[in-house]
Amino acid sequence: MPANDDKRGQISGRLPLHLYRWLEGMVCDSEHPDRNYPNLNQALIGELTKAKTLSEMSEDLEDLKRRVEALEKEMEEIRS
């Protein structure tokens, strides 16, 4: 069994090819020491976690923007 087969794990048949290749590019190998993940399963979990965190941060930022806008409006009303 080639060494690359163990990196595929159980997700290879369940992802669209472009996503599979993108994740495969994030798996560590001796030629690219800057890649973060030891296998595709870890790459998938890591990238989904990043996406979830970014999504939550985006929602928090939108909430903060609404609050700032409301406060600015109230301050403007107080000044007038």
Side-chain angles (χ1 to χ4, degrees):
M1 172 164 37
N4 200 24
D5 283 349
D6 62 344
K7 293 180 184 177
R8 291 185 186 145
Q10 298 177 7
I11 64 171
S12 63
R14 298 182 183 134
L15 286 175
L17 187 57
H18 68 283
L19 290 178
Y20 175 81
R21 287 183 179 153
W22 176 72
L23 284 172
E24 191 174 43
M26 298 193 178
V27 174
C28 298
D29 65 23
S30 59
E31 296 175 18
H32 299 90
D34 58 330
R35 294 182 180 172
N36 302 333
Y37 303 104
N39 58 52
L40 283 175
N41 291 327
Q42 291 296 318
L44 179 61
I45 291 166
E47 292 304 310
L48 287 174
T49 301
K50 283 182 194 177
K52 182 176 187 270
T53 301
L54 288 173
S55 174
E56 289 170 353
M57 289 173 61
S58 177
E59 290 173 10
D60 290 345
L61 283 175
E62 289 301 316
D63 184 48
L64 286 174
K65 285 179 187 179
R66 284 190 296 274
R67 290 180 183 194
V68 167
E69 288 171 0
L71 287 172
E72 287 174 346
K73 187 177 180 179
E74 286 181 32
M75 288 175 59
E76 194 173 304
E77 290 174 4
I78 291 171
R79 288 185 191 139
S80 354

Give a yes or no answer on whether the side chain of S58 reaches the backbone of L54 with a donor-acceptor pair at less than 3.5 Å.
no
Scanning both residues in full, the closest heavy-atom pair of E76 with S80 reads O-OG, 2.8 Å
Could you tell me the separation between the CZ atom of R21 and the CG atom of L15, rounded to the nearest 0.5 Å?
12.5 Å
Please, which pairs that meet salt bridge (Lys or Arg N to Asp or Glu O under 4.0 Å) have at least one residue in residues 61-72, sequence neighbours excluded?
E62-K65, D63-R66, D63-R67
So, using side-chain contact (heavy atoms from CB on, under 4.5 Å) as the criterion, who are the partners of S55 when residues are at least two apart?
E59
For the hydrophobic clusters of this structure (ILVMFWY residues joined by side-chain heavy atoms under 4.5 Å, transitively), does one cluster hold both L71 and L64?
no
Whether over 12 other heavy atoms sit under 6.0 Å from E56 CD:
yes
How close do L23 and E47 get, heavy atom to heavy atom, and via which atoms?
CD2-CG, 4.1 Å
Is the closest side-chain heavy-atom distance between T53 and M57 below 4.5 Å?
yes
Indicate if L44 and W22 have the same hydrophobic cluster label, given that clusters are the connected sets of ILVMFWY residues with side-chain heavy-atom separations under 4.5 angstrom.
yes
If you look at every heavy atom in N39 and N41, which pair is closest and at what distance?
OD1-N, 3.1 Å
Can you find a heavy atom in the side chain of Y20 that is under 4.5 Å from one in the side chain of L40?
yes
